[in-house]
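If you read the sequence from its start, that first residue is 1, and numbering goes on from there.
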Amino acid sequence: MSYSWKDGLLLKIVNVLVYLFFLGSNLYTVAAPSGVYYHGKETYLTPAPWAFLIWSIVVPLLLLGTIIYQFFEAGHKTIIKGISWRLPLLGVLNAIYVNTWAHGYYIVAPAVTHIYYIVKKHHSSESTADELFIHLPFSLYHGWTTVLVVLTLFEAFGNNAVEEKAGVWTKIFVFLALYLPAATYAFSSPEGDLPASIAITWSLWAIFAHQKSSGFIHWSALVFAIFSLVWVVKGAYGTFSALRRGRISLTDEERPTLHS
């Protein structure tokens with residue numbers, strides 16, 4: 001049976017509506033009078049507010065391509081049959097996260113991690129469109145979500161940087177929080193995960209720019225930002241090499257084909 005853009009139309013319409021809801025919640029974080037990213041709890045891992053532009057502007061723009069791509073046969077295969085209802089669930093959870101965070105409640109939702117796993121492990125890019133409209137937004141989003149998870153943990157359980165000095169344990173946890181995410185994405189595959197590494201690197205530079213009360217944290221952030229930038233170059237080189245070999249993602253025999 002030949003493909004029609006009307007296949008899975010209900011889910012496609014829901015995806016469009018939830019995307020608009022998702023976009024509105026992210027624009028709210030930028031335009032809200034209360035300044036969600038300016039008046040939260042100050043921790044020893046809090047980045048400069050411009051770090052959140054990757055979440056409020058860049059990711060929504062990339063996901064717009066995903067929403068459009070779902071109406072094409074190639075996009076339908078992964079977005080509608082593979083990701084399925086997890087995509088609108090992600091949009092709803094994102095809006096809930098923004099609202100609760102703005103009011104001082106800290107929750108973490110694993111939906112984007114599950115989608116990332118499906119896309120990364122069960123669907124090799126078959127075209128440039130697959131890479132741009134599926135792998136790129138979800139890799140970037142997952143990298144940024146990793147940052148949000150760590151920030152949320154520090155906001156929920158960490159010291160208030162305005163009221164308390166950074167102790168030994170705080171410095172140790174910050175040091176680990178700066179190192180582990182970037183290293184994980186840099187070596188997630190032979191060519192690394194370039195979009196996720198970019199999100200991590202962006203965040204590390206923002207942390208370096210903002211954290212000035214503790215010299216140890218400030219300069220540690222700079223060191224890891226530089227290291228992470230090297231990993232971004234490594235990922236770019238690996239991706240370029242993969243493109244020259246005629247592949248973008250892993251295509252070994254152990255990777256199964258995505259099924260509905």
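- For the atom pair Trp205 CH2 and Ile200 CD1, the distance stands at 15.0 Å (nearest 0.5 Å).
- Residues Leu151 and Thr46 are not in side-chain contact: their nearest non-hydrogen atoms beyond the backbone lie 4.5 Å or more apart.
- A distance of 11.0 Å separates CD1 in Ile226 from CG in Leu204, rounded to the nearest 0.5 Å.
- In plain terms, the two heavy atoms of Asn15 and Pro88 that are nearest each other are OD1-CD, 3.0 Å.
- The shortest heavy-atom contact between Asp7 and Ser2 is OD2-O, 4.3 Å.
- Heavy atoms only, all atoms of each residue included: Gln211 and Thr43 are closest at NE2-O, 2.9 Å.
- At least one side-chain heavy atom of Phe154 sits less than 4.5 Å from a side-chain heavy atom of Phe173.
- Under the 4.5 Å side-chain heavy-atom criterion for ILVMFWY residues, no single connected hydrophobic cluster contains both Phe21 and Leu23.
- Contact between Thr201 and Ala225 at its shortest, heavy atoms only, is CG2-O, 4.1 Å.
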Subject >> Candidate pair Leu87 and Val18, rule side chain to side chain contact (heavy atoms under 4.5 Å, CB included), full reasoning >> reply: CA-CA 9 Å; Leu87 182 56; Val18 171; over 6 Å; no
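- Hydrophobic clustering keeps Val233 apart from Leu140 (ILVMFWY residues linked when any side-chain heavy atoms are closer than 4.5 Å, directly or through intermediates).
- Open room surrounds CH2 on Trp219; 12 or fewer heavy atoms of other groups in view lie less than 6.0 Å from it.
- Residues Thr66 and Tyr19 have side chains not in contact (no heavy-atom distance under 4.5 Å, counting atoms from C-beta outward).
- A continuous path of Ile, Leu, Val, Met, Phe, Trp and Tyr side chains, each step under 4.5 Å between heavy atoms, connects Leu62 with Leu53, placing both in one hydrophobic cluster.
- Interatomic distance, Ile54 CD1 to Trp144 CH2, rounded to the nearest 0.5 Å: 7.0 Å.
- Annotation: Phe71, atom CZ; neighbour count of heavy atoms from other residues, nucleotides and ligands within 6.0 Å is above 12.
- Using cut-offs of 30° and 60° on the angle between ring planes, the pair Trp202 and Trp50 is perpendicular.
- For the atom pair OG1 of Thr128 and NE2 of His135, the computed distance is 12.0 Å after rounding to the nearest 0.5 Å.
- Other residues, nucleotides and ligands place no more than 12 heavy atoms under 6.0 Å from the CZ atom of Phe175.
- A heavy-atom distance below 4.5 Å is not found between the side chains of Pro195 and Tyr141.
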